[in-house]
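Take a look at the structure set out below.
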Amino acid sequence: LTNTNITDAQEMETIWTILPAVILILIALPSLRILYMTDEINNPSFTIKSIGHQWYWTYEYTDYGGLIFNSYMLPPLFLNPGDLRLLEVDNRVVLPIEAPVRMMITSQDVLHSWTIPTLGLKTDAVPGRLNQTMFTATRPGVYYGQCSEICGANHSFMPIVAELIP
Amino acid sequence: MAPEVLPKPQMRGLLARRLRFHMATAFVLSLGVAALYKVGVADKRKKAYADFYRNYDAMKDFEEMRKAGIFQSVK
């Protein structure tokens, strides 16, 4: 290990330590900037609270009055032909399209997660904490999601259905 | 018969030569792949979205869905 042919490549060692570090910093700085930008909440037109329970969701529309309702899954016996099993609910959450909507999500008991994959939404409902997420939908329709954090026996039976209308 | 004299092969700097070649090739290839990805995937996707939304009529879509009876809040 003292042979001069294999010791002392000091310049190369310095270059291939410093250069990768610089490259990584150049990647990290814009990346962190974008990461914080995804958390920005820009002038929402509408705010709705979504509260997870075992095993249903409560939606509160408190911007213009005090509308509060629960959203339970429809049991298979109550489905109509054409309805989706384990996905339909009795009261859907109605939201506007082409307007920034802010969802405030929390839980009354254990961890849940409010998810609508086709809108790119997934936010954990943590008891004692208020998480927020924002979206602006461009297309009307009915969007489905399911609770995405294990929350007990009926975790698979508390879906989310959003009706997006103009 | 005179013995054949081969040219003296390169004895030193072999690693350095290999590194130079491969570092340069890797740099050019990675730039090329990034450019191809930008054109073939990223720009194509953005164009597909822009083309879809250019003449998209949300109200017309909504009316068709409403007539099909999928909404609970509007009939």
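Chain identifiers are assigned alphabetically (A, B, ...) following the order of the sequence lines, protein sequences preceding nucleic acid strands; residue numbering begins at 1 within each chain.
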What part of A:Val93 lies closer than 4.5 angstrom to a heavy atom of chain B: side chain, backbone, both or neither?
neither
Sort A:Asp90 into side chain, backbone, both or neither according to what part of it lies under 4.5 angstrom from a heavy atom of chain B.
backbone
Intermediate values then yes/no, side-chain contact (heavy atoms from CB on, under 4.5 Å), A:Leu95 and A:Ile48
CA-CA 9 Å; A:Leu95 300 166; A:Ile48 300 177; 2.8 Å; yes
For chain A, which residues from residues 46-75 of chain B lie under 4.5 Å away (heavy-atom distances)?
B:Phe52, B:Tyr53, B:Tyr56, B:Ala58, B:Met59, B:Asp61, B:Phe62, B:Met65, B:Ile70, B:Phe71, B:Gln72, B:Ser73, B:Val74
Mind checking which of residues 8-43 of chain B sit less than 4.5 Å from chain A, heavy atom to heavy atom?
B:Leu19
Partners of A:Asn131 by side chain to side chain contact (heavy atoms under 4.5 Å, CB included), sequence neighbours excluded?
A:Thr123, A:Asp124, A:Val126, A:Arg129
Main-chain N/O of A:Ser71 paired to A:Asn91 side chain as donor or acceptor, under 3.5 Å
no
Just so I understand: if I count every heavy-atom pair under 4.5 Å between each of A:Ile165, A:Val94, A:Val161 and chain B, which residue has the most?
A:Ile165
Evaluate the side-chain proximity of A:Asn70 to A:Trp57: yes if any heavy-atom separation is below 4.5 Å, no if none is.
no
Heavy-atom pair with the smallest gap, counting every atom of A:Leu79 and A:Arg85
CD1-CA, 3.7 Å
Run the side chain to side chain donor-acceptor pair (under 3.5 Å) test on A:Ser148 and A:Ser113 for me, step by step, so that the C-alpha distance in whole Å, both residues' side-chain angles and the decisive distance to 0.1 Å come before the verdict.
CA-CA 5 Å; A:Ser148 299; A:Ser113 187; 4.7 Å; no
Modelled atom types, side-chain donor and acceptor of A:His53 and A:Ser107, under 3.5 Å:
no
Residues A:Lys49 and A:Thr62: side-chain donor-acceptor under 3.5 angstrom
yes
Could you give me the CA-CA distance, side-chain angles and deciding distance for A:Ile68 and A:Thr58, then say whether side-chain contact (heavy atoms from CB on, under 4.5 Å) is met?
CA-CA 7 Å; A:Ile68 302 178; A:Thr58 301; 3.7 Å; yes
Can you sort out the partners of A:Arg92 under salt bridge (Lys or Arg N to Asp or Glu O under 4.0 Å), two or more places apart, ordered by chain and number?
A:Glu88, A:Glu163
Would you check if the distance from the ring center of A:Phe69 to the ring center of A:Tyr61 is below 6.0 Å?
yes
